[in-house]
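Here's the structure, in structure tokens; my notes come after.
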Amino acid sequence: MKFLVNTRNPDGGVSYHRLQEPFKDFPYPVDFFIMPEEVKNIRQYSHLVFNRSFGWANNEADQKFIEWAKTHGVKIIIDLDDYWVLPEYHTIRWRPDVDYEVWQSAIIENLKLADYAWTTTEYLRGKIKEINDIPIAIARNALNYDDPQWKKPVNKSNDVNIGWIGSTTHHMDLDMMRRPLAMLDKWAKKSKIKIMKHLAGYSKGSGWAGEVSKRFYSNFTNNGQYQNIHLIKPVHVANYGYLYGLLDISIAPVLENEFNKSKSELKVIEAGARRIPFIGSDVITYSRTGANIDLCSNSDEWFNSMKELTSSKSLRQELGKELGEYVRDEYTFKKENESRLSIL
């Protein structure tokens with residue numbers, strides 16, 4: 001077997017986690033491409049791999065390339081790590097530079113042409129089956145734990161560092177943190193414990209990203225009341241692990257909906273990669289891991305969990321070490337690539 005992988009946007013998180021990193025130690029030959037004209041001899045490949053769509057100007061080009069590959073005996077593998085039906089608040093639904101209906105249709109039409117699918121969760125597997133009843137492998141996300149971004153020490157604040165590392169698509173998810181973070185700040189001030197809150201992916205621009213960032217900032221500071229915040233600009237995906245190095249506690253709130261239920265537990269893996277404890281929403285997104293993590297259903301539970309970890313350095317170290325060992329054993333490229341190949 002020989003695989004041809006479309007990396008779409010090489011600098012994007014999807015490409016990095018689903019189309020680049022898993023193939024660095026793949027047991028079969030792999031070639032990468034971005035645009036179709038780069039492919040000179042399609043017959044040498046047994047499988048074509050892409051995530052959702054190719055990301056070209058229109059899906060007609062995607063379809064023609066897929067059909068051309070199929071006529072030469074190439075099997076089509078679509079990798080899907082997110083549900084294509086987005087909640088109303090998702091940025092793709094309202095960004096001026098994206099036509100949501102076109103974006104969604106492209107994924108569905110490409111899925112219909114696929115011979116196999118790779119995905120991240122059983123929940124999303126069920127959604128795929130509704131469109132195309134093909135062999136589907138659960139290939140979870142993993143990380144290269146020997147990459148310096150997950151190992152190298154980072155100079156950080158002497159305060160207790162708590163934060164969220166993520167993208168603008170989660171702006172409504174973070175709304176739930178306004179009250180518990182304000183409660184934590186009030187308690188910390190009274191207890192004379194210094195806390196630094198870290199907010200990644202912040203943009204000062206005037207466009208849609210800037211508007212989302214304003215909402216993030218308001219939630220993390222209780223509308224500017226508490227200024228103990230470190231705003232972090234977007235970084236290249238090959239370096240984002242260093243941001244986790246700034247933290248003592250990682251938080252990851254998500255709303256319970258079909259989109260988030262389909263998402264992977266990558267944020268748990270990232271926290272474990274940096275050996276720091278994790279607090280998340282009590283939804284299947286994180287509860288499916290089986291890891292020893294704190295899961296919260298309301299503001300009081302969020303506050304109490306953050307308070308407990310903020311109060312005890314030894315507990316943070318204990319839980320962080322345990323999570324680090326767990327993810328390194330449970331989430332490996334070797335395991336997930338074996339799953340990928342099991343259906344071919």
Side-chain angles (χ1 to χ4, degrees), residues 13 86-98 100 156-157 159-191 193-235 240 243-244 246-257 259-260 263 267 270-271 276 278-283 285-286 294-310:
L86 305 181
E88 290 289 338
Y89 64 82
H90 196 288
T91 53
I92 286 179
R93 293 288 295 257
W94 51 268
R95 276 169 50 181
D97 59 330
V98 180
Y100 168 58
K156 62 183 181 182
S157 165
D159 301 341
V160 179
N161 297 279
I162 184 168
W164 176 82
I165 311 296
S167 74
T168 52
T169 60
H170 290 281
H171 67 289
M172 290 288 283
D173 293 324
L174 264 67
D175 280 4
M176 70 178 74
M177 297 309 299
R178 178 187 289 265
R179 182 169 178 265
L181 283 173
M183 293 167 67
L184 183 70
D185 278 319
K186 184 178 180 179
W187 165 81
K189 184 177 181 180
K190 183 178 180 180
S191 304
I193 295 176
K194 291 185 178 181
I195 294 175
M196 180 59 68
K197 295 169 296 186
H198 298 261
L199 177 60
Y202 185 84
S203 173
K204 292 184 178 180
S206 58
W208 63 267
E211 291 302 312
V212 169
S213 292
K214 289 178 184 177
R215 190 181 191 116
F216 283 167
Y217 176 83
S218 179
N219 286 326
F220 263 60
T221 63
N222 197 30
N223 201 27
Q225 181 180 0
Y226 299 103
Q227 290 296 313
N228 52 328
I229 186 168
H230 175 214
L231 303 175
I232 307 171
K233 296 178 181 179
V235 300
Y240 84 103
L243 302 184
Y244 276 92
L246 297 170
L247 306 181
D248 299 305
I249 305 166
S250 175
I251 59 173
V254 291
L255 295 167
E256 187 167 11
N257 53 44
F259 177 72
N260 282 335
K263 291 188 75 66
K267 291 195 181 304
E270 291 165 344
I276 57 176
F278 175 91
I279 310 174
S281 296
D282 191 6
V283 296
T285 316
Y286 304 133
D294 278 6
L295 299 179
C296 308
S297 299
N298 55 54
S299 293
D300 288 339
E301 289 182 4
W302 272 103
F303 166 64
N304 288 328
S305 182
M306 291 188 293
K307 175 184 173 182
E308 181 182 28
L309 285 174
T310 299

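We number each residue from 1, following the sequence as shown. Being a predicted model, the structure only gives us computed values, none of them experimental.
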Tell me whether [X] contacts the main-chain N or O of [Y] through its side chain, where contact means a donor paired with an acceptor under 3.5 Å.
X: N260; Y: E256; value: no
X: D282; Y: S297; value: no
X: S191; Y: W187; value: yes
X: N161; Y: S157; value: yes
X: R93; Y: L86; value: yes
X: N223; Y: T221; value: no
X: N222; Y: Q225; value: no

So, using salt bridge (Lys or Arg N to Asp or Glu O under 4.0 Å) as the criterion, who are the partners of K186 when residues are at least two apart? none
Applying salt bridge (Lys or Arg N to Asp or Glu O under 4.0 Å), can you list everything that pairs with K156, at least two apart in sequence or on another chain? D248
So, Y89 versus D175: side-chain donor-acceptor pair below 3.5 Å or not? no
Side chain to side chain, [X] and [Y], heavy atoms closer than 4.5 Å:
X: C296; Y: I279; value: yes
X: I232; Y: L199; value: no
X: I249; Y: I276; value: no
X: I165; Y: S250; value: no
X: M176; Y: S299; value: no

Gap between atom CG of L255 and atom OG of S281 - 0.5 Å precision: 7.5 Å
Rounding to 0.5 Å, atoms CG (N219) and CE (M172) come to a distance of 9.5 Å
Are W94 and W208 close enough, and set up right, to give a side-chain contact (heavy atoms from CB on, under 4.5 Å), and what steps lead you there? CA-CA 9 Å; W94 51 268; W208 63 267; 3.6 Å; yes
Restricting to ring-ring contact (aromatic ring centres under 6.0 Å, His included), what partner residues turn up for [X], sequence neighbours left out?
X: H170; value: none
X: Y240; value: H17, W150
X: Y286; value: F278

Got a sec, which pairs hit salt bridge (Lys or Arg N to Asp or Glu O under 4.0 Å) with one end in residues 194-208, sequence neighbours left out? D185-K197
Yes or no on salt bridge (Lys or Arg N to Asp or Glu O under 4.0 Å) for K307 and D300, after CA distance, side-chain angles and deciding distance? CA-CA 10 Å; K307 175 184 173 182; D300 288 339; over 6 Å; no
For the aromatic rings, using the six-membered ring if either is Trp, is the centroid distance between W164 and F216 under 6.0 Å? yes
Taking the ring centre of each residue, are H90 and F259 less than 6.0 Å apart? yes
Passes side-chain contact (heavy atoms from CB on, under 4.5 Å), L231 versus F220? Steps please. CA-CA 10 Å; L231 303 175; F220 263 60; over 6 Å; no
Applying side-chain contact (heavy atoms from CB on, under 4.5 Å) to D173 and V254, what does each step give before you reach the verdict? CA-CA 5 Å; D173 293 324; V254 291; 4.1 Å; yes
Pair H198-I162, side-chain contact (heavy atoms from CB on, under 4.5 Å): steps then yes or no: CA-CA 6 Å; H198 298 261; I162 184 168; over 6 Å; no
Correct closest heavy-atom pair for H230 and M196 would be N-SD, 3.8 Å
